[in-house]
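Reading through the structure tokens given below for one structure.
In this chain, residues are counted from 1 in sequence order.
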Amino acid sequence: MFGRKEKYLGDKKVMVKMSDLSTMTANLWDAYWKMKDNGWDTSAEQLYDIIENNRITLEKKGFWS
């Protein structure tokens, strides 16, 4: 923007504790249902994909069952 060049730095990975990921996923469910209630189905479905990935990670690590 305004002549500034952005440099791609590659994909970054962030380490998150399982308990924090669990809390974030519960909050994402709340956001998902609010989006569905407002009729934002496409955004809600994208959020659902994130929730599913988190759920799988939490179950594989034994944090959720």
Side-chain angles (χ1 to χ4, degrees):
M1 184 174 203
F2 301 112
R4 181 179 74 175
K5 293 183 179 180
E6 293 186 18
K7 182 179 177 184
Y8 178 71
L9 300 175
D11 293 331
K12 300 281 183 185
K13 297 206 182 244
V14 176
M15 299 298 289
V16 178
K17 292 189 293 186
M18 286 291 123
S19 59
D20 292 341
L21 184 60
S22 179
T23 300
M24 289 175 4
T25 303
N27 290 335
L28 288 172
W29 271 116
D30 185 47
Y32 169 81
W33 286 113
K34 287 179 182 174
M35 286 182 181
K36 290 291 273 188
D37 290 343
N38 287 318
W40 302 331
D41 293 336
T42 303
S43 296
E45 291 307 315
Q46 291 173 345
L47 196 56
Y48 183 80
D49 291 339
I50 296 169
I51 292 168
E52 271 299 295
N53 287 337
N54 289 350
R55 180 190 62 81
I56 291 167
T57 299
L58 289 163
E59 286 177 350
K60 282 183 180 177
K61 300 288 183 177
F63 197 79
W64 276 5
S65 59

*Which other residues end up in the same hydrophobic cluster as I56, if Ile, Leu, Val, Met, Phe, Trp and Tyr are linked when side-chain heavy atoms come under 4.5 Å apart?*
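Answer for I56: none, a lone residue.
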Out of curiosity, [X] [atom1] to [Y] [atom2], how far, rounded to the nearest 0.5 Å?
| X | Y | atom1 | atom2 | result |
| --- | --- | --- | --- | --- |
| N53 | L58 | CG | CG | 11.0 Å |
| I50 | M24 | CD1 | CE | 9.5 Å |
| K34 | N38 | NZ | CG | 9.5 Å |
| T25 | D20 | OG1 | CG | 10.5 Å |

*Looking only at non-hydrogen atoms, find the nearest pair between M18 and T57 and report the distance.*
CE-CG2, 4.1 Å
*Smallest separation among heavy atoms of S22 and F63, with atom names*: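 So the minimum-distance heavy-atom pair works out to CB-CE2, 3.4 Å.
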*Any link between I51 and M35 through a network of hydrophobic side chains (Ile, Leu, Val, Met, Phe, Trp, Tyr) touching at under 4.5 Å?*
yes
_Which residues pass the ring-ring contact (aromatic ring centres under 6.0 Å, His included) test with Y48, not counting sequence neighbours?_
W29, Y32
